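Since the structure comes first, as structure tokens, the remarks are kept for the end.
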Amino acid sequence: MTTPSPLVLVFGGSRGIGAACVDAFAAAGWQVGFTTTGTPSPRAAARAYQVDIRDAAAVADVFAKAEADFGTAPQAVIANAGINVPAKPVGAFDPEDFRLLMEVNVFGAFNVLAEAARRVRDGGAIVAVTTSLVRHAVPGTGPYAATKGAVECLVRSMAKELAGRGVRVNAVAPGPVETDLFNAGKTEEAKQRSAAMSPLGRIGRPEEIAEVVRFLASGAASWIDGQIVQPNGGLV
């Protein structure tokens, strides 16, 4: 009897790094489900689900629907969904913008990670996407980086909590990557400054991050757990 391909659920898989993750897993032979906040639009070799990750019940429903659709629990869950807002110093930051960041990037990520902890298969993997800005301070990015730092704290605790089931939990913390989220509101000069922060002198590509995510979800990373892996071109 043929063993079915493993299932990965990519939360936030409609564009940027998430879309690159969908493509990377599909190319490696995984069954793929991904989420979007817009109208679901299935991609080749993947099934789409609409969800607002701030709604814990809706997140749980995605897991239930995916398990019914694919006939298996996920072998891997990728917590990539998140937002950013225009950078401003803390003293000038709109409290409502910070509240929104917290609701999506912390509470939303918590909902995904908590349900993943309950639903992922024994021996599986959970990978959260954070940012190298947690360790490389840049003026104006403190509130955003703070939300991702909170996610990294969850990841490190979960790695110990789920070790008895053989579930590995890691985070991928990219540096600047050429995505819509990164480009929003940035001038060409600002992009060049970001590129210059890396010794390699360029911005990363979504597929470069996706390959790290896919590796951490695979059996090839069986001895990597509770780590924050930073594909950032030597930024930090």
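For reference, positions follow the sequence shown, starting with 1. All heavy atoms count here, side chains included; hydrogens, waters and symmetry mates do not. Please read these numbers as outputs of a predicted model, since none were measured by experiment.
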Inset, instruction - Using only heavy-atom distances, determine whether the side chains of R168 and S222 contain a donor-acceptor pair under 3.5 Å. - result: no
Inset, instruction - Tell me, yes or no, whether the heavy-atom count around F110 atom CZ, taken from other residues, nucleotides or ligands under 6.0 Å, exceeds 12. - result: no
Legend entry - Shortest non-hydrogen contact between G18 and V10, atoms and distance: O-CG1, 3.9 Å
Inset, instruction - Report yes if some heavy atom in the side chain of F25 is under 4.5 Å from a heavy atom in the side chain of V213; otherwise report no. - result: yes
Inset, instruction - Flag the pair E103 and R54 as a salt bridge only when some basic side-chain nitrogen lies within less than 4.0 angstrom of an acidic carboxylate oxygen. - result: yes
Inset, instruction - Enter the distance from Q75:CD to I126:CD1 here, rounded to the nearest 0.5 Å. - result: 11.0 Å
Legend entry - Non-hydrogen side-chain atoms of V8 and P74 separated by less than 4.5 Å: no
Inset, instruction - Going by the side-chain contact (heavy atoms from CB on, under 4.5 Å) test, name the single residue among T36, D69, V59 that passes it with Y49. - result: D69
Inset, instruction - Taking only Lys NZ, Arg NE, NH1 and NH2, and the carboxylate oxygens of Asp or Glu, determine whether R193 and E189 approach each other closer than 4.0 Å. - result: yes
Legend entry - Separation between CD1 of I17 and CG of D180, rounded to the nearest 0.5 Å: 11.5 Å
Legend entry - Heavy-atom side-chain contact between D55 and N111 under 4.5 Å: no
Inset, instruction - For T35 and G12, indicate whether the former's side chain and the latter's backbone hold a donor-acceptor pair under 3.5 Å. - result: yes
Inset, instruction - Give a yes or no on whether the backbone of T179 and the side-chain of N183 come within a donor-acceptor separation of less than 3.5 Å. - result: yes
Inset, instruction - Determine the minimum heavy-atom distance between I83 and Y144, stating which atoms define it. - result: O-CE1, 3.4 Å
Inset, instruction - Kindly compute the distance separating CD1 (I78) from CZ (R214), expressed to the nearest 0.5 Å. - result: 11.0 Å
Legend entry - Heavy-atom closest contact (I203 atom, K191 atom, distance): CD1-O, 3.9 Å
Inset, instruction - For R135 and Q230, test the side chains for any donor-to-acceptor distance below 3.5 angstrom and give the result as yes or no. - result: yes
Inset, instruction - Give me the one residue out of T131, N170, T130 that meets side chain to side chain donor-acceptor pair (under 3.5 Å) with E152. - result: T130
Inset, instruction - Measure from the side-chain N and O atoms of E207 to the backbone N and O of A20, and report whether any donor-acceptor pair falls under 3.5 Å. - result: no
Inset, instruction - Please report the closest heavy-atom contact between V22 and F34, naming both atoms and the distance. - result: CG2-CB, 3.7 Å
Inset, instruction - Drop me the distance from S194's OG to R202's CZ, to the nearest 0.5 angstrom. - result: 14.0 Å
Legend entry - Full working for side-chain contact (heavy atoms from CB on, under 4.5 Å) between V85 and F93: CA-CA 10 Å; V85 298; F93 210 85; 3.4 Å; yes
Legend entry - Check: R165 side chain, A117 main-chain N or O, donor-acceptor pair, under 3.5 Å: yes
Legend entry - CZ/R121: more than 12 non-hydrogen atoms of other groups inside 6.0 Å: no
Inset, instruction - Kindly say whether V138 contributes a backbone atom to a donor-acceptor pair with the side chain of T141 at under 3.5 angstrom? - result: yes
Inset, instruction - Using a strict cut-off of less than 4.0 Å between a Lys/Arg side-chain nitrogen and an Asp/Glu carboxylate oxygen, indicate whether R205 and E211 qualify as a salt bridge. - result: no
Inset, instruction - Could you grab the distance from atom NZ of K88 to atom CG of D97, nearest 0.5 Å is fine? - result: 6.5 Å
Inset, instruction - Look only at the side chain of S5 and the backbone of W30, and say whether a donor-acceptor pair between them is shorter than 3.5 Å. - result: no
Inset, instruction - Measure across A128 and V155 and return the closest heavy-atom pair with its distance rounded to 0.1 Å. - result: CB-CG2, 3.8 Å
Legend entry - Separation of N84 CG from N105 CG (nearest 0.5 Å): 7.5 Å
Inset, instruction - Tell me, yes or no, whether the heavy-atom count around F107 atom CZ, taken from other residues, nucleotides or ligands under 6.0 Å, exceeds 12. - result: no
Legend entry - Where M158 and L113 come nearest, the two heavy atoms and their spacing: CE-O, 3.4 Å
Legend entry - Side-chain touch E188/Q192, heavy atoms, less than 4.5 angstrom: yes
